[in-house]
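Proteins get letters first, then strands, A, B, ... in listed order; numbering begins at 1 in each. Only this structure's heavy atoms are used, side chains among them; waters, hydrogens and symmetry mates stay out.
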Amino acid sequence: MRVSVQEADFDVGAETEALTAGRPDVGAVASFVGYVRADKLAGENAAEQAVSAMTLEHYPGMTEKSLEAIVAEAESRWSLLGVRVIHRFGCLVPGERIVFVGVAGSHRGEAFAACEFIMDYLKTRAPFWKKEDTPEGGRWVDAREADDAAAEKWGKGA
Amino acid sequence: MSIKVLYFASLRETLGYSHETLTLPASIATLGDLRSHLARRGGVWEALGEGRNVRAAINQEMAGPDAAVADRDEIAFFPPVTGG
């Protein structure tokens with residue numbers, strides 16, 4: 001199993017270990033973990049307006065397909081020995097894990113690069129949407145141009 | 001031609017619909033045609049109008065305005081994604 005979309009939390013240590021189990025050819029594992037951040041709003045009383053929770057909506061079916069396609073694209077660009085992507089949905093509070101990407105390779109170069117590539121593509125291609133709960137009500141998170149730029153730096157692809 | 005249309009996130013809330021089944025006139029050939037057709041409903045549906053930042057998928061793959069729409073397709077409209 002390479003891709004999971006789930007409500008439940010995941011065990012970073014266990015997922016990382018699983019990438020190397022029985023694989024003496026693995027020389028490097030690079031991993032990324034994304035967390036819910038307690039963003040502050042701008043303006044007066046900013047400190048009291050921190051995000052108290054967020055809800056992640058997704059497109060069941062397309063989400064899994066798009067993550068599989070991103071992993072396949074990474075595997076076509078680098079020689080990889082294992083990939084694991086987990087993305088959560090549902091209600092999450094600050095400090096909770098949202099996403100895990102783990103990449104195993106022979107050497108650190110391809111592991112680092114493929115891990116960053118998968119995150120950059122996931123940010124702009126996987127159908128997830130965040131809605132933040134604030135004391136002033138729900139607020140859909142806007143897409144960031146910086147995320148598009150990060151994905152575009154990898155050039156043409158899937 | 002009969003298709004299923006899905007709406008997600010802020011667009012779903014604005015429109016008040018998560019999905020609908022539509023029978024389309026023969027004049028609609030592409031995703032862009034479908035989007036204009038829906039926007040012409042007026043009111044909240046103008047959220048799908050030209051210039052609005054809306055993305056789309058056909059049968060669960062991202063697709064542009066020139067992509068062809070076929071009978072029994074699953075079409076989705078949604079805002080730019082914000083996962084990760």
Side-chain angles (χ1 to χ4, degrees), chain A residues 5 32-37 39 54-70 85-90 92 97-101 115-116 118-132 137-148 150-151 157-158, chain B residues 2-22 30-32 34-35 38-39 43-84:
Chain A
V5 180
F32 173 87
V33 182
Y35 295 84
V36 180
R37 202 175 51 231
D39 266 352
M54 75 165 46
T55 303
L56 266 146
E57 179 173 332
H58 76 116
Y59 181 173
M62 181 175 169
T63 315
E64 292 83 352
K65 275 192 199 176
S66 68
L67 294 175
E68 287 284 0
I70 292 165
V85 177
I86 306 171
H87 203 301
R88 297 177 67 190
F89 63 92
L92 300 170
R97 285 175 281 269
I98 302 178
V99 59
F100 174 84
V101 175
C115 187
E116 187 177 13
I118 290 169
M119 271 311 299
D120 285 346
Y121 264 42
L122 182 157
K123 280 284 211 182
T124 55
R125 285 167 167 75
F128 288 98
W129 301 273
K130 288 179 183 140
K131 188 179 190 181
E132 296 173 337
R139 180 182 62 177
W140 290 97
V141 173
D142 286 327
R144 298 167 65 236
E145 284 179 16
D147 289 334
D148 286 329
Chain B
S2 175
I3 58 162
K4 185 176 184 189
V5 188
L6 309 177
Y7 307 100
F8 288 95
S10 55
L11 197 56
R12 169 178 53 75
E13 289 188 349
T14 299
L15 301 176
Y17 284 92
S18 62
H19 62 94
E20 61 180 318
T21 301
L22 281 178
T30 66
L31 198 51
L34 172 62
R35 188 172 152 180
L38 294 169
V44 293
W45 294 91
E46 284 165 20
L48 286 166
E50 217 173 306
R52 301 299 188 95
N53 202 355
V54 173
R55 306 292 164 90
I58 298 180
N59 299 325
Q60 306 190 347
E61 301 230 357
M62 292 282 193
D66 297 333
V69 174
D71 190 35
R72 306 174 77 88
D73 273 353
E74 177 180 298
I75 314 275
F77 291 103
F78 42 80
V81 303
T82 56

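In terms of heavy-atom pairs under 4.5 Å with chain A, the best-connected choice from B:Pro80, B:Pro79, B:Ala57, B:Ala9 is B:Ala9.
Applying the ring pair (Phe, Tyr, Trp, His ring centres under 6.0 Å) test to residues at least two apart or on different chains, none of the pairs has a partner in residues 51-71 of chain B.
Side chains of A:Met62 and B:Phe78 form a contact here, defined as non-hydrogen atoms less than 4.5 Å apart.
Between B:Val81 and A:Ala143, the shortest heavy-atom distance links the atoms O-CB, 4.0 Å.
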Report the donor-acceptor contacts between chain B and chain A below 3.5 Å as a table, one pair per row.
residue : atom : partner  : partner atom : Å
B:Ala9  : N    : A:Glu57  : OE2          : 2.8
B:Arg12 : NE   : A:Glu57  : OE2          : 3.2
B:Arg12 : NH2  : A:Glu57  : OE1          : 2.4
B:Arg12 : NH2  : A:Glu57  : OE2          : 3.4
B:Glu13 : OE1  : A:Lys131 : NZ           : 3.3
B:Glu13 : OE1  : A:Trp140 : NE1          : 2.9
B:Glu13 : OE2  : A:Lys131 : NZ           : 2.7
B:Gln60 : OE1  : A:Met62  : N            : 3.3
B:Glu74 : OE2  : A:Tyr59  : OH           : 2.4
B:Pro79 : O    : A:Trp129 : NE1          : 2.9
B:Thr82 : N    : A:Phe128 : O            : 2.8
B:Thr82 : O    : A:Lys130 : NZ           : 3.4
B:Thr82 : OG1  : A:Lys130 : N            : 2.9
B:Gly83 : N    : A:Phe128 : O            : 3.4
B:Gly83 : O    : A:Lys123 : NZ           : 3.2
B:Gly84 : N    : A:His87  : NE2          : 2.9
B:Gly84 : O    : A:Lys130 : NZ           : 2.7

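The salt bridge (charged side-chain N to carboxylate O under 4.0 Å, His left out) check on B:Glu46 picks up nothing, with sequence neighbours excluded.
Atom CD of B:Glu50 has 12 or fewer neighbouring heavy atoms from other residues, nucleotides or ligands inside a 6.0 Å radius.
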